[in-house]
Amino acid sequence: MTSCNLNHSLEDVRKKLEQQAEHLEKYYSGCSQFLENNPTQQQLNELFHLLKKYDLADEEEKSLRERKIYKLISQKKGEN
């Protein structure tokens with residue numbers, strides 16, 4: 001994944017989540033709930049990039065992203 005200096009809106013992240021929904025069966029619900037709890041801008045950016053091109057990633061990369069998604073959506077607001 002590449003780093004990006006853009007801030008992604010809540011709507012951008014929701015759209016990206018919907019685009020990847022069929023590939024994220026295990027994490028879709030948790031991501032949706034996470035987005036309902038007013039995540040910080042940093043958290044939005046991180047989730048956006050974890051979701052971006054998720055469907056094109058190889059199995060090792062998907063596994064890495066899934067661990068990061070789980071860690072992110074399991075955090076309490078404001079934790080890093």
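Residue numbers count from 1 along this sequence.
Residue Ile69 holds its CD1 atom at 6.5 Å from OH of Tyr54, rounded to the nearest 0.5 Å. Separation of atoms CD (Glu61) and CG (Leu50) is listed at 9.0 Å; rounding is to 0.5 Å. Atom CZ of Arg65 is separated from atom NE2 of His49 by 10.5 Å, given to the nearest 0.5 angstrom. A distance of 11.5 Å separates NZ of Lys15 from CG of Leu10, quoted to the nearest 0.5 Å. Atom CZ of Phe48 is separated from atom CG of Leu17 by 11.5 Å, given to the nearest 0.5 angstrom.
Between Pro39 and Leu47, every side-chain heavy-atom pair lies at or beyond the 4.5 Å cut-off. Leu44 has its side chain out of reach of Asn7: every pair of non-hydrogen atoms, C-beta onward, lies at least 4.5 Å apart.
Legend: residues meeting salt bridge (Lys or Arg N to Asp or Glu O under 4.0 Å) with Arg67, ordered by chain and number and at least two apart, are absent. Not a single salt bridge (Lys or Arg N to Asp or Glu O under 4.0 Å) links Glu60 to another residue, sequence neighbours left out. Listed by chain and number, the residues in a side-chain hydrogen bond (donor to acceptor under 3.5 Å, both in side chains) with Ser9 are Asp12 (sequence neighbours excluded). The ring-ring contact (aromatic ring centres under 6.0 Å, His included) test applied to Tyr27 returns no partner, not counting sequence neighbours. Residues satisfying the side-chain hydrogen bond (donor to acceptor under 3.5 Å, both in side chains) test with Glu59, not counting sequence neighbours, are none.
For Gln43 and Thr40, the side-chain atoms include at least one donor-acceptor pair closer than 3.5 Å. Using modelled atom types and a 3.5 Å distance limit, the side chains of Gln33 and Asn37 yield no donor-acceptor pair.
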Asn45 and Gln42: CA distance, side-chain angles, deciding distance, side-chain contact (heavy atoms from CB on, under 4.5 Å) verdict: CA-CA 5 Å; Asn45 293 345; Gln42 181 181 352; 5.7 Å; no
In a table with atom names and distances, give each donor-acceptor pair under 3.5 Å that connects a side chain of residues 18-25 to protein atoms at least two apart or in another chain.
from  : atom 1 : to    : atom 2 : distance (Å)
Glu18 : OE1    : Tyr28 : OH     : 3.3
Glu18 : OE2    : Tyr28 : OH     : 2.3
Gln19 : OE1    : Lys16 : NZ     : 3.1
Gln20 : OE1    : Asp55 : N      : 3.2
Gln20 : NE2    : Asp55 : OD1    : 3.0

